Amino acid sequence: MSTAAATATESDTTSRKPEIRIYNTLSKRKELFEPLRPPQVGIYLCGPTVYAESHIGHMVGPVIFDTIKRYLRYSGYDVTLVINITDVDDKLIAKSHQRGIPMSQIACEMTADYLANLKELGVNQIDYLPRATDHMPQIISFIEDLEKKGFAYAVDGDVFFDVARDPNYGQLSNRTPDAQQGEGGEAAGKKRSPGDFALWKSSKADQISWDSPWGPGRPGWHIECSAMSHQILGDTFDIHGGGLDLMFPHHENERAQSGCCHDAPMVKYWLHNGLMRAGEKGKVGGKSDREPSPDEAAAGKISRSKGAGGLADLIRTQTGERIRFFLLRTHYRSTIIYGEEILEEAGTSLETFYRFFDRFNEITSKVETTDHPGQLFYDLPTHTNRFDGDFDPAGDPLLTEIHAAREKFLAAMDDDFNSGAAISVLFDSIRSLNRHIDAHSLATGADPEQSEVKSLIKSATVIRELASVLGLFIKPPATAGGDDQDTAMLDQVVHLLIDLRKEARERKDYATGDAIRDRLTDLGIALLDKKEGTSWERS
RNA sequence: GGCGACGUGCCCGAGUGGUUAAGGGGGCUGAUUGCAAAUCAGUUUUUCAGCGGUUCGAAUCCGCUCGUCGCCUCCA
């Protein structure tokens, strides 16, 4: 949706309201989405701690919330999406000592890596990427406020949040203030209660530190998010997102800090995405009482400690769109099982779309008298508002089908952003269009019915509109394996062979024709003899 | 130990009380094709971990059992 199709916001468009329901972790049920200050919507997502390269699990949240923002915008809201960067914490400090370079340099490198990965996956809806180290004044004054109001206490240069003072503590994660945070950590001796958590940690002489009213130190993890979200989105904002693993203690603590400091609820809707898990290597029998193999024992949440990594490599071999599609196939609250084969399968199913787009382009390129001569799929216009995109099928059978599909797609997304169900509608639509092309012989080139071509173009436009809401099919797919430049040359060479094969087949020399095809197949190039001509793809 | 999630047909995955259980992948069959591929059609699919209960009716609600996983320490 980057190409702003200059949608003049019409008055009747903005007055129509979608009915979007979202699952709120706080209430544990789906609620009607009603922003606090419509049409404004504020979303805050907990981003990464940038101490190492990102892995695929880090992409789940950003892809989902990028999609959520796209959908809410499409539904008429004016959305601000914030993803923070934690660029100061113990791991970063340790790494900096180990490598003998400043913490900021590591943070800088890893942030660049993170952003590059996001870009590859089509995540481009982020409005603010606040860094903790850029918000020290806000963090410090936040802690001062809490101390002044009696929710925090300082001990020897450390400052802790007094959990007992917050009657709402534990509501989000359904935990009592007792028996949390283990034994209280290193600073247990200083805490009034083991559940109390650090707002400010005093630094040792050789550690990086910031000056504060409590002496040199650095902020606790949770307070960073409270301070930054407040700075950008205010006392109370609409949506706070993050992985399920952050619900406790991170989000519970953020909620306590912000709620107590501003005497207002921090967030209206808490959204938590499911975590990614490594798939089992072998099929586990279930009733077997044998010892679990090391592989099975390792199956679990994808994390760095379990060896996940190399996202940039994965993107290079799989393409960012494949990965985005793979993530969006599953509902955001479900666990996503990751495995090379499963990712590969998602990629295979994506090919159906790409082949259709090629087919579409070839048909429209031959048509001369439509309203959109030579219309390429990736150049089709796309509506930025769901109500503008509505249309009257006017009795046309294909358009009636596509109109119904569009309604189904919107209903799925309205129901807690069910992107998996929405994608299935896209598959259905592609089948409808292929059927239409076959039934009206649009691909054979023999003077296709103009009205049928028009219906095809209109329908394809709807598919492009819906897909772009998911951040899919925005631009032609990158070739897996990267390194283009040569791709154009390869294309020419393959077409040369296609022409030679065509000549051979025209004189019924099938042996030569098949030899060309077979040898190309061996090289990983598949020829597709369609009615509209022969094309090729990597296999 | 405390809190929580999940178990859907060969595989991946939608679906939370009521038309034939979405969609994708794979297998098979047919149409089409010189043969393939692609496309389309059909099939694999009365079945939702197991047992019991509620109900006119359950994959969906309740109970128990079995299994998997997460959080309670840093984690998206």
Side-chain angles (χ1 to χ4, degrees), chain A residues 28 30 45-49 51 54-65 83 86 89-91 170 173-176 178-185 221 241-250 272-277 279-280 283-288 296 299-305 325-326 329-331 333-337 339 341-352 355-356 358-359 408 412 415 418-428 430-431 433-435 437-439 443 505 508 510 513-514 517-518 521 526-531 534-537 539:
Chain A
K28 292 177 176 52
K30 284 182 196 169
L45 174 68
C46 286
T49 300
Y51 68 98
S54 40
H55 64 254
I56 187 169
H58 290 125
M59 299 292 112
V60 178
V63 165
I64 285 158
F65 282 88
I83 300 185
T86 299
D89 93 329
D90 292 350
K91 268 184 243 169
S173 58
N174 190 25
R175 285 163 210 258
T176 56
D178 309 323
Q180 3 207 351
Q181 308 249 312
E183 309 304 311
W221 176 36
L244 218 44
D245 53 347
L246 293 185
M247 191 167 88
F248 185 87
H250 187 52
H272 288 97
N273 59 269
L275 303 174
M276 185 171 279
R277 240 182 65 201
E280 298 132 298
K283 194 82 190 82
V284 180
K287 291 272 160 69
S288 148
E296 284 162 7
K301 188 177 69 171
I302 293 263
S303 65
R304 207 178 313 285
S305 58
F325 178 78
F326 166 69
R329 258 185 357 157
T330 307
H331 186 97
R333 281 193 282 113
S334 304
T335 302
I336 299 176
I337 298 175
E341 281 175 32
I342 301 173
L343 186 55
E344 198 67 44
E345 184 194 304
T348 301
S349 63
L350 257 187
E351 299 295 327
T352 302
R355 277 193 297 262
F356 169 77
D358 283 345
R359 199 177 192 203
K408 209 172 153 191
D415 182 16
N418 192 339
S419 55
I423 282 174
S424 79
V425 174
L426 258 26
F427 277 106
D428 284 339
I430 292 295
R431 182 150 9 105
L433 295 196
N434 274 323
R435 205 186 287 135
I437 291 171
D438 289 350
R505 293 170 70 209
K508 306 268 187 212
Y510 295 120
D514 289 352
R517 184 178 64 198
D518 293 345
T521 303
L527 297 188
L528 310 178
D529 286 337
K530 290 174 284 192
K531 292 216 170 87
T534 301
S535 61
W536 68 279
E537 66 184 24
S539 54

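In what follows, every chain begins at residue 1, and chains take the letters A, B, ... in the order their sequences are listed. Bear in mind the structure is a predicted one, so any value in this text is a computation, not a measurement.
Minimum atom distance to the side chain of A:Lys30 is reached by B:U16, of the listed B:U16, B:U39, B:G24. Considering only the side chain of A:His55, B:A76 comes nearest among B:C74, B:A76, B:C3. Side chain of A:Glu345, nearest nucleotide from B:A14, B:G25, B:A76: B:G25.
Residue A:Gly241 is classed as having no contact, given no heavy-atom separation below 4.0 Å to the nucleic acid. Within the 4.0 angstrom heavy-atom criterion, only backbone atoms of the sugar-phosphate kind lie near A:Arg431; the bases stay farther away. As judged by a 4.0 angstrom heavy-atom cut-off over every strand, A:Ser334 is placed among residues touching the sugar-phosphate backbone only. Residue-level contact check: A:Asp428 touches the backbone only, with heavy atoms under 4.0 Å from sugar-phosphate atoms and none from bases. Nucleic acid contact for A:Gly61: none, since no nucleic acid atom lies under 4.0 Å from a heavy atom of the residue.
Per the stacking criterion (ring centres < 5.5 Å, plane angle < 30°), A:Phe427 does not stack onto the base of B:G24.
No hydrogens or angles were tested; on distance alone, a donor-acceptor pair under 3.5 Å links the side chain of A:Asp514 to the base of B:G34. A donor and an acceptor atom sit less than 3.5 Å apart, one in the side chain of A:Arg517 and one in the base of B:A36. For A:Arg329 against B:G24, no side-chain N or O and base N or O form a donor-acceptor pair under 3.5 Å.
Annotation: B:U65 and B:G30 have their C1' atoms spaced 47 Å apart (nearest Å). For the P atom pair drawn from B:U55 and B:C62, the interatomic distance equals 16 Å after rounding to whole Å. Distance noted for atom C1' between B:A31 and B:U46: 29 Å (whole Å). Atom P of B:A14 sits at a distance of 15 Å from the matching atom of B:A49, rounded to the whole Å. The same atom, P, is picked in B:U45 and in B:C28; the two are 16 Å apart, to the nearest Å. The P atoms of B:U47 and B:A41 are separated by 26 Å, rounded to the nearest whole Å. When the P atom is compared between B:G24 and B:U44, the two are found 16 Å apart, to the nearest whole Å. Nucleotides B:C61 and B:A5, compared at atom P, are 12 Å apart to the nearest Å.
At whole-Å resolution of the value, CG in A:Asp529 and P in B:A37 are 11 Å apart. Separating the NE2 atom of A:His331 from the P atom of B:U8 is a distance of 17 Å, rounded to the nearest angstrom. Counting to the nearest Å, the C1' atom of B:C3 and the CZ atom of A:Phe248 are 10 Å from each other. One atom, CG of A:Asn174, and another, P of B:C72, lie 16 Å apart when rounded to the nearest Å. Summarising the geometry, the separation between CG on A:Asp438 and P on B:C40 is reported as 7 Å, rounded to the nearest angstrom. Rounding to whole angstrom units, CE of residue A:Met247 and P of B:C69 are separated by 20 Å. As a whole-Å value, the separation of A:Asn418 CG from B:G23 C1' is 11 Å. A:Glu537 has its CD atom 18 Å from the P atom of B:A36, to the nearest Å.
The two residues A:Leu45 and A:Pro62 come nearest to each other via the heavy atoms CD2-N, 3.8 Å. A:Ile430 and A:Thr352 make their closest contact through CG2-CG2, 4.1 Å (heavy atoms, listed as atom of the first residue, atom of the second, distance).
Around the NZ atom of A:Lys28, the shell of radius 6.0 Å holds more than 12 heavy atoms that belong to other residues, nucleotides or ligands.
Residue A:Arg333 holds its CZ atom at 11.0 Å from CD1 of A:Ile64, rounded to the nearest 0.5 Å. Note that the CG atom of A:Leu528 and the CG atom of A:Asp358 stand 8.5 Å from one another [nearest 0.5 Å]. If you take CZ on A:Phe65 and CG on A:Asn273, they are separated by 6.0 Å, rounding to the nearest 0.5 Å.
Nucleotide B:U55 forms no Watson-Crick or G-U wobble pair with any nucleotide shown, as no partner meets the under 3.5 Å limit on both distances. The nucleotide B:U60 finds no pairing partner, because no Watson-Crick or G-U wobble arrangement with both distances shorter than 3.5 Å includes it. Checking B:U20 for Watson-Crick or G-U wobble geometry (two distances, each under 3.5 Å) identifies no partner in any strand. Across the strands present, B:G1 finds its partner in B:C72; the criterion is a Watson-Crick or G-U wobble pair with both atom distances under 3.5 angstrom. Shown here, B:G9 forms no base pair; nothing in the strands shown gives a Watson-Crick or G-U wobble contact with both key distances under 3.5 Å. When both distances must be under 3.5 Å, the Watson-Crick or G-U wobble mate of B:G26 is B:U44. The partner of B:A31 is B:U39, by the rule that a Watson-Crick or G-U pair needs both atom distances under 3.5 Å.
In this model, the phosphate group of B:A5 is not approached by any side-chain N or O of A:Arg333 to a distance below 4.0 Å at OP1 or OP2. Look at A:Thr335 and you won't find any side-chain N or O under 4.0 angstrom from OP1 or OP2 of B:G13. Contact annotation: A:Asn273 does not reach the phosphate of B:A76 (side-chain N/O to OP1 or OP2, under 4.0 Å).
A salt bridge between A:Asp514 and A:Arg517 is present, with a side-chain N of the basic residue lying under 4.0 Å from a carboxylate O of the acidic one.
Of the residues near RNA chain B, A:Lys408 and A:Ile430, the one whose nearest nucleotide (by heavy atom distance) lies more toward the 5' end is A:Lys408. Each of A:Thr352 and A:Met59 has a nearest nucleotide on RNA chain B; the 5'-most of these lies closest to A:Thr352.
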Kindly indicate, with the supporting measurements, whether the criterion side chain to side chain contact (heavy atoms under 4.5 Å, CB included) is fulfilled by A:Met276 and A:Ile56. CA-CA 8 Å; A:Met276 185 171 279; A:Ile56 187 169; 3.6 Å; yes

